[in-house]
Amino acid sequence: MAKKPEKLWQTPADDALRWVRGTDLDALDESATPGWAGKRRDGEELMASRAPELADLQERLFAHGRTGGDRSVLLVLQGLDTAGKGGIVRHVVGMVDPQGVQHTGFGVPTEEEKEHGYLWRIRNALPRPGYLGVFDRSHHEQVLVVRVNRLEPQKTWRKHYRELNEFEAEVAASGTLIVKVALFVSAEEQKERLAERLERPDKHWKYDPGDIDVRSKLPQYIAAYQEMLDRTSTDVAPWYVVPANRKWYARLAVTELLTGALRSLELGWPPADFDVETEKARLAAS
Ligand code: AMP
Ligand code: MG
């Protein structure tokens, strides 16, 4: 008999992907499938089979929030253009009830946002109790694009590592479980994905001429990502580094991380705040 697909995780995604400080990011194989011993088809099968559990866990979280609980989950997605952040949102987050999801994409700060500190828009987007928050890019851009494009002097952006950690410690203490995922595609894969965006009229809207400038600064971005991972991966807000050349693997991996995070909350169903038998009798008599 075929192995159960979850057995194909030789090392659970959580352990296989959790960033270990000082690992050389430059040496990452973006086509690898850390922890996973199966093929694409096995991965797709496992991912599909997780859908009911993921939806059930998210509904428990939502019910918990509706009944006065203070827990929430924040999935942070970082990655350069074409890394597949949008695909994670559609295919992984898309498996749960959208009414329980608070999704926010962070772009170049607007005039209004610029009038406030960089954490202002982030705080405003934090998930309320019971919600699954999803950040497509995040406060970490403050040590990525801001650093690489010299939008702030070094002595300013250098302070952000500590601020980010303090901020996340505060968010975690308020009941939010933080899962940070950094997706990496190779330079060649990125080129192919950008070429596809140029070939296909239905993808032109995703193309940004600025993406080519980012490509010319890839080594600087890798250095910035390296330091971000080393300095902002903490016990309360760990980074998971996901090789993303194989979309099916990246989606499976994030499914596993998210399912594991929700499971760890150990939420039951909230008890009824009414007498069930009395209500049954009332209903029958109505
Ligand atoms: P996209 O994710 O393709 O919609 O692009 C969003 C753009 O906003 C990217 O080019 C980011 O580098 C940029 N961006 C996000 N956050 C910041 C920030 N804090 N400062 C400057 N640019 C940012
Ligand atoms: Mg873009």
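Treat the numbers as computed from the prediction; the structure is a model and nothing was measured. Counting starts at 1 for both ligands and their atoms, following the listed order.
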Rounding to 0.5 Å, atoms CE (Met95) and OG1 (Thr259) come to a distance of 6.5 Å
- Message: If you count every heavy atom of other residues, nucleotides or ligands that lies below 6.0 Å from Asp235 atom CG, does the total exceed 12?
- Response: no
With a 4.0 Å cut-off on N to O distance, would you call [X] and [Y] a salt bridge?
{"X": "Glu189", "Y": "Arg193", "answer": "yes"}
{"X": "Asp213", "Y": "Lys217", "answer": "no"}
{"X": "Arg137", "Y": "Asp81", "answer": "yes"}
{"X": "Lys280", "Y": "Glu277", "answer": "yes"}

Nearer than 2.8 Å to the Mg ion (ligand 2), the protein contributes N, O or S atoms numbering 1
The complete set of side chain to side chain donor-acceptor pair (under 3.5 Å) pairs with one or both residues in residues 48-57, sequence neighbours excluded, reads Arg50-Glu256, Glu53-Arg263, Asp56-Arg60
For Phe274, the other hydrophobic cluster members (4.5 Å side-chain criterion, sorted by chain and number) are Val276
Heavy-atom contacts under 4.0 Å to ligand 1, chain-then-number order, include exactly Asp81, Phe106, Gly107, Val108, Pro109, Arg121, Arg137, Glu141, Gln142, Val145, Val146, Leu151
### Task
Verify the distance criterion only: is there a donor paired with an acceptor across the side chains of His139 and Glu168 at less than 3.5 Å?
yes
